[in-house]
Amino acid sequence: MRSVLPVLTVIAAILLIWYVAAVGMNAQWARDQAARAGVEIGWSEIAVDAMRQERPVLPAPHQVALEFWRLTWTEEVEGRRGIVQSGSLSNRSLVYHALVTLSATGLGFLIGAGFGILLAIGIVHNRAMDRGVMPWAIASQTIPIVAIAPMIIVVLNSVGVSGVLPKAVIAAYLSFFPVVVGMVKGLRSPDAMQTDLLRTYNAGAMQGLGKLRFPASMPYLFASLKVGVAASLVGTIVAELPLGGAGLGTRLLAGSYYGQTIQIWATLIAAALLAAAMVGAVGMVQRVTLRRMGMAR
Amino acid sequence: EDVTLQLKWVTQAQFAGYYVALEKGFYDEEGLNVTIKPGGPDVAPVQVLMGGGADVMVDWMPSALAAREQGAPVVNIAQPFKSSGMMLTCLKETGVTGPEDFKGKTLGVWFFGNEYPFLSWMGTLGIPTTGGAEGVEVLKQGFNVDPLLQKQAACISTMTYNEYWQVIDAGIAEDDLVTFKYEDQGVATLEDGLYALEANLADPAFEEKMVKFVRASMKGWKYAEENPDEAAEIVLDNDETGAQTESHQKRMMGEVAKLTAGSNGALDVADYERTVATLLAGGSDPVISQAPEGAYTLAITDKALE
Amino acid sequence: MTAGNDAVIEARDVSLTFQTADGPVHALKDVNLTINRGDFVSFIGPSGCGKTTLLRSIAALEYPTGGTLTVNGMTPDEARQKRAYGYVFQAAGLYPWRTIAGNIRLPLEIMGYSRAEQKDRVERVLELVELSGFGKKYPWQLSGGMQQRASIARALAFDADILLMDEPFGALDEIVRDRLNEEVLKLWARTEKTIGFVTHSIPEAVYLSTKIVVMSPRPGRITDIIDSPLPKERPLEIRDSRDFIEIAHRVRDGLRAGHGDGV
Amino acid sequence: MTAGNDAVIEARDVSLTFQTADGPVHALKDVNLTINRGDFVSFIGPSGCGKTTLLRSIAALEYPTGGTLTVNGMTPDEARQKRAYGYVFQAAGLYPWRTIAGNIRLPLEIMGYSRAEQKDRVERVLELVELSGFGKKYPWQLSGGMQQRASIARALAFDADILLMDEPFGALDEIVRDRLNEEVLKLWARTEKTIGFVTHSIPEAVYLSTKIVVMSPRPGRITDIIDSPLPKERPLEIRDSRDFIEIAHRVRDGLRAGHGDGV
Amino acid sequence: MLRGLLPVLLVWLLLWLAVESLAALAPASPLLRRVLAVAIPLIFGATILWLWEALVAILGVSPVILPPPSAIAARFATSLPVLWGDFVQTVVKGALSGYVMGCGAAVLAAVAVDRSTFLQRGLLPVGNFVAALPIVGIAPILVMWFGFDWQSKAAVVVVMVFFPMLVNTVEGLKASDAMQRDLMATYGAGYWQSLWKLRLPAAMPFIFNGLKICTTLALIGAIVAEFFGSPTQGMGFRISTEVGRLGLDMVWSEIAVAALAGSAFYAVVAVVEKGVTFWHPSQRGR
Ligand SMILES: Nc1ncnc2c1ncn2[C@@H]1O[C@H](COP(=O)(O)OP(=O)(O)OP(=O)(O)O)[C@@H](O)[C@H]1O
Ligand SMILES: Nc1ncnc2c1ncn2[C@@H]1O[C@H](COP(=O)(O)OP(=O)(O)OP(=O)(O)O)[C@@H](O)[C@H]1O
Ligand SMILES: Cc1ncc(C[n+]2csc(CCO)c2C)c(N)n1
Ligand SMILES: [Mg+2]
Ligand SMILES: [Mg+2]
């Protein structure tokens, strides 16, 4: 709650910069239009015009806010296809698309983080994996996923996998890597004395993992999970491009295809809200876990 | 009987005929259970076809023929689009009045298999596409018409039924634009046709299925031509993204109807020959290196139109 | 309950050299030592003379680069796998994410003691080191001396044959120290543990040990091994006995020599 | 060069309570203490009685929850910003990414000493704590006692008015300890430093101090403050003097009382 | 078909075992050790490539779906100039410049966030929010703002790497332990001094964590951004164009370049990390 004022201040600053930028970036179009119409216009007209263009280079915040409101509340509550009148979420509303994306992102993140942690454990415990797998895990991430996402989906589709799973697979593909890198570091972070202690007990590898390496890796784990969940969202959205179904990704693409800047920004806001919510959720888990472990500062 | 159709692009009135056939039950009448898969910027329909993800696809002939040369044996089984809707749209203020003014300008072009008509055209004009004062600077154009509005390019590729109207909607008057239709420049190539795999077509049962499919699809197209507004509504209902607007789709349907008007579904071999000739004439770097064999069949439409 | 006479730890010409960026460090050189079952051995010597390194080598935490070292006739590694060791490190080394009780429970969990047994033992050793009531605190909520006692408790909680303690009482005041000295002696008398013990206090070394190993640095080596004639039963007053003072003198001389001054 | 008589550190009813998950811990309660310029004050008391907490409060690392504490008439925080303190922590706390010399150089860099001066001082204090030649090693390449000496060197490298040392010699053997005791006394005599010193060794406390503060735990409080009558000049032999033994006795009694046993 | 698969699986198993036993070797000679360190991933990779080649042949996969490695290698060898041009355009101009700017900005932002509690409370939540914007959404916008050439790609990379770097650096700046901070306090060290001499060194393991993750993100970002508009050069441009043309061998050649460049990039960062954080337990080994 102490953060309300700071957050509001920062948001106010951003809005201010945003408005100024909007005027600056949309001015050219206003001037060009005036020139085509053969009239002279001054800055005040430009400023006014810049905030109500239909296809601005940078839409003004209130345009985005209005569009966001229209595509969520208005669409659901008043729209013909909205949940109030049809009983199901409207395919024109961002709520619906956000939920579709969220389910794939969540599933992908779980798969990716789980796989990432397992891989990290393998890498830390097994020399062959450390030497053999790590370079390829790195290489795997340099493959431009967008290039092969359609292929993956084609292949998965042809073996009968469809629905949320193909998207989740790609989301997992992007999110496992930050988790691997962070966890390898984290699992190796206990200092010599801490590991020596377990050696004197002749603790097994699993015990060393459960009682030392894993607890010691917590700060790294959570930093990685936050990055991983954001990466998972990127993966889902990328995967949605070739699928053409519902989801924020398709929605962004469609908006972009029809040059509807305001709609893109509204969708972006929805995606960012989704990401922030998920990062926030991870942060919450982090706080609870660290407090439980007595590591909260 | 199941049939999966892979579209070349997202759900829009460009594909109205198929959606109409689906919604109006024309496919049901033929005993077909049709699934329509929308495409997107990164979906190569041929790949989906080869991977077994679809039975039949909508594609442009240049890219289909190029794919055929690459070892993907696709065959044109029907050609609902008679004429080409592709054009180059320029801002008048950049001083472009004819193809001779292109030199030294920046032009926006779609890639991903859609660049062939443009390359052929430039080949015929003898303009190199590598930039410089004597050539044209080519930009890979994204999804929309921003490069023109932002004046990043002098001309961009547009379709009569889609992007052109986005430029207009953005507030640029028709008078401020100069357009070059590929049809008018004599370099038109065939657009949206239906293609299936050669190997599948060898199977009489599959062939029979395609006959039914083409027959129902054409029925859909003709219905759409006659009832453009209803067709646009049907498209809107099938658009899962919910991003299309009614006015734009209705107008698009009207424009698309002009392109499908001359076709009963059967491929006009003269059009085919013209397309092949254009593609072969691409100067130093033609799109296809030799005239293809067996790239089309009239058998399906012959039976369908009986 | 008499100390057996069979060798538990045998070092023959043990050497250990660390390679560092600016040249090798000879932490141990030609160390020869036999420790029998039930011995209480103190290691004393100037800072940096290799006491910790020797103790770590015995516990298979460090590997000699020369000579042979056997524990119960096995390599130290094998002995470790038989869970022969309890080790108290020079620094407390408690896990910050576990409470004090949790830290003490750690070896018990690993060695598969039952829940009830765990609880029992934790209670008992906490009392032993006078930390009852601090079980639920986290390490950073304890003073330095309390942390050190917790780490001693952790090593005493389970039954290791060989107890290795690296300056366990360094951060404790005389009074607790005396008391813990007595406790350790009692424990040693009661069980048949073999104890290796690093200390800087000459009286402590003499009071506790059956054998005192005096070391000297650069390179780390043993300069004197003193077998104590003191009886096993040792009241605190023994520290005023002639024998005691004599041994203390000998140790002090060894230590001085190790410091390289004739004083 | 005589010790002035102006108060440097004044504690009035200082209390400090830590809030922990299972209730408050009264680390300090009603502590009253005046330390004058040039005093050498030892703090002694059972483990957990609040010595570290008191030292930390003086250095503004901990904030009393009650009473007032002033340093040179300022708050400890202000004094800290004036760079009044040299502090030796109970654990060495060397930065692992710096060599030993680098660690000692750290405060000198921060306080803006010149390059040449830095080099000079590092050399000098390394010699003082007998670590010459180890300047290029990293902390983990040193033995426990060597690390502790490095951390002492770090605090001695610059000229702080007030030197606070928390059991600096805990991990050192008698001989080095004696030598360092002498060095610290020399330093103290030479400069006008005020020194606060935590130790567990009664002889050390008596030998070094002008004032001995005896503390007792739960809640942490001062039970006795002994002003030493010993002269400023103190040869090692002074430890056999009557005065010395008397004070030592008084300290030991206070300590016993703090341990809560009548013994 | 299954009968064809069985021996393939068997050989793969054998190779895996070979890698396993090679890794278990700990030769005394440092030279041999270094050779092994390089050989193991190579053998591992060769195994995968061979498996790929075999599977494509046995299952009769069409080259427009997945070409065999041999075909890719052939195409690679004949297209070196094109690949080089694309590499320069995308990796050097787009990814690297964006990486440097993005990571630099994130570290600065993290310090700012760390410096002021006000910013920490205000900027961090908003920062999380802004920085998690999906690339697909921002790429077209940034192309619109910064034009078609590499500048817009660099901008996309900046936005992509910013968040991971920020999170890791903020986490790292908290990583020094209490006693280390207390020491600085006793010196009355100023904020910048303790930042420079304590907090940043202590944060290095986390910072490098971020830098490593960002190497691959930068590459992905630069390539993906080209899908949304580009000059007729660049790895993303080539990939999207060639997929459309079914030149899958060229696509995989570009992917190979990306993988090589990315691995090299990562390796460089890892080597620097080893030098900088030599003191950290994870680098000191055991
Ligand atoms: N951060 C903290 N949180 C809670 N309790 C604390 C904290 N720090 C110290 N304590 C408690 O305060 C009391 C005094 O601790 P302090 O460290 O001052 O003792 P000390 O006299 O230095 O003991 P020692 O000689 O063992 O170092 C102890 O009971 C300890 O548990
Ligand atoms: N990991 C290491 N790398 C390099 N040198 C080391 C390492 N560990 C110890 N040494 C060196 O080995 C020598 C012996 O160290 P050791 O820790 O055994 O001394 P110690 O007798 O325990 O001293 P103290 O009483 O100070 O703890 C020292 O000179 C030290 O610098
Ligand atoms: C990346 C990208 N590639 C191709 C096209 C072109 N395209 C494919 S289908 C179709 C019909 C138009 O509505 C058009 C224009 C595009 N727009 N964006
Ligand atoms: Mg030691
Ligand atoms: Mg203390």
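Per chain, numbering begins at 1; letters A, B, ... match sequence-line order. Because the structure is a prediction, the values reported are computed rather than measured.
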Looking only at heavy atoms and a cut-off of under 4.5 Å, which of E:Ser240, E:Gly247, E:Pro231 has the most pairs with chain B? E:Ser240
Under the 3.5 angstrom rule, does the side chain of B:Lys140 hit a backbone N or O of E:Phe237 as a donor-acceptor pair? no
Non-hydrogen atoms of chain E under 4.5 Å away: do they reach the side chain of B:Gln70, the backbone, both or neither? both
Rounded distance [0.5 Å steps], CZ in E:Arg238 versus CZ in B:Phe111: 9.0 Å
Tell me, for E:Glu242 versus chain B, whether the close heavy atoms (under 4.5 Å) come from the side chain, the backbone, both or neither. neither
Proximal component of E:Leu248, with respect to chain B [non-hydrogen, under 4.5 Å]: side chain
So for B:Ala66, is it side chain, backbone, both, or neither that comes closer than 4.5 Å to the heavy atoms of chain E? neither
Listed partners of B:Asp169 passing salt bridge (Lys or Arg N to Asp or Glu O under 4.0 Å), at least two apart: B:Arg251
Heavy-atom distance under 4.5 Å to chain E: side chain of B:Glu115, backbone, both or neither? side chain
